[in-house]
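Data block below; observations after.
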Amino acid sequence: MATRVFWSLIALLLIASPILQVVRCQSDEDVAATEVVEGSNLGIVGDDTQVFGDGAFGPAPGVGTICVFPKNAARLVPAGEETELLVGLHNEGESALKVVAIHANLHLPFDHHMFVQNLTLQEFYNASVPVSAQATFPYVFVVSKYLQPGTFDLVGTIVYEIDQQPYQNVFYNGTIEVIEAGGFLSIESVFLVTLGVALIGFLGLWAYGQIQQFSKKTKKPAKVEVGTGTTAADMDEWLQGTAYAQSLSSKSKKKK
């Protein structure tokens with residue numbers, strides 16, 4: 001019974017662990033080699049701003065994107081606080097491109113039709129990427145402080161122009177973990193810590209029980225010798241009239 005409970009707790013620990021997440025985002029090293037565009041002027045528009053019409057245009061040929069959450073591999077987003085990510089843009093097309101804006105939206109993870117929040121639209125001015133070049137653009141967004149902590153899908157898009165023709169690339173389409181501002185523990189992490197403590201306690205009790213059973217099996221019963229005992233009076237009576245009794249009597253007289 002104890003073994004079944006032990007393996008059940010292990011299974012719950014593995015299921016609850018938020019380790020496996022599918023994300024379309026490359027490592028920090030991939031973006032480290034690109035140029036960070038800091039000199040270009042940028043503006044930040046309100047959360048409710050709509051983006052360039054219906055967004056029906058797609059990516060331009062030869063233009064690719066990557067993204068990184070700097071020093072935030074777990075993609076933890078505190079509600080009501082700024083979160084930064086970097087968008088890498090690689091131009092292998094035939095003409096230089098002009099970066100117009102970056103924007104993102106939050107959706108429920110099980111249905112992207114369930115819209116949660118339209119995040120900040122960040123516009124760029126005089127930001128261009130020549131042919132066969134790459135550049136990195138910062139994007140800072142803030143999730144509503146009233147948003148309940150949990151897992152959400154973030155869809156980020158970068159908008160650019162080539163020969164005054166608009167295009168856009170989705171640079172990120174994956175999950176993020178929204179947490180309470182100032183807190184480092186999510187509901188899942190609290191559950192995992194509690195489960196881990198319970199598991200350690202169970203293992204301690206199980207080990208203690210095994211030690212107790214082992215000690216009972218290995219403990220040997222004490223040997224009890226059974227024989228005939230004689231009192232001092234019986235011994236004196238048995239030795240009366242012998243040379244040993246006479247020697248004892250003479251020794252006691254000398255001591256007196």
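Gln148 and Val178 get closest at one heavy-atom pair: O-CG1, 4.5 Å. Shortest non-hydrogen contact noted between Val170 and Thr65 is O-OG1, 3.7 Å.
Asn169 contributes a side-chain N or O that, together with a main-chain N or O of Val63, makes up a donor-acceptor pair within less than 3.5 Å. At distances below 3.5 Å, at least one donor-acceptor pair connects side-chain atoms of Ser144 with backbone N or O atoms of Tyr146. Judged by distance alone, with hydrogens and angles left aside, the side-chain atoms of Glu84 form no donor-acceptor pair with the main-chain N or O of Pro138 at under 3.5 Å.
For the 3.5 Å distance criterion, the side chains of Glu177 and Thr151 qualify, holding a donor opposite an acceptor.
Residues His107 and Phe152 have side chains not in contact (no heavy-atom distance under 4.5 Å, counting atoms from C-beta outward). Here the side chains of Leu106 and Val143 are in contact, with some heavy-atom distance below 4.5 Å.
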Checking side chain to side chain contact (heavy atoms under 4.5 Å, CB included) for the pair Ile158/Val99: CA distance, chi angles, key distance, verdict?
-> CA-CA 8 Å; Ile158 184 169; Val99 178; 4.0 Å; yes
Asp153/Leu108 under side chain to side chain contact (heavy atoms under 4.5 Å, CB included): CA gap, chis, key distance, verdict | CA-CA 6 Å; Asp153 276 4; Leu108 294 181; over 6 Å; no
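Residues Phe137 and Tyr139 place their aromatic rings such that the two centres sit no closer than 6.0 Å. Checked against the 6.0 Å centroid threshold, Tyr172 and Phe69 count as a close aromatic pair.
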Cut-off 3.5 Å, no hydrogens considered: what does the side-chain donor-acceptor table look like for residues 85-97, sequence neighbours left out?
unit_1: His90; atom_1: NE2; unit_2: Glu92; atom_2: OE2; d: 2.8
unit_1: Asn91; atom_1: OD1; unit_2: Gly93; atom_2: N; d: 3.0
unit_1: Asn91; atom_1: ND2; unit_2: Ser95; atom_2: O; d: 3.0
unit_1: Asn91; atom_1: ND2; unit_2: Val129; atom_2: O; d: 3.1
unit_1: Asn91; atom_1: ND2; unit_2: Pro130; atom_2: O; d: 3.2

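Using a 30° and 60° split on the angle between ring planes, Tyr160 and Tyr167 fall in the parallel class, below 30°.
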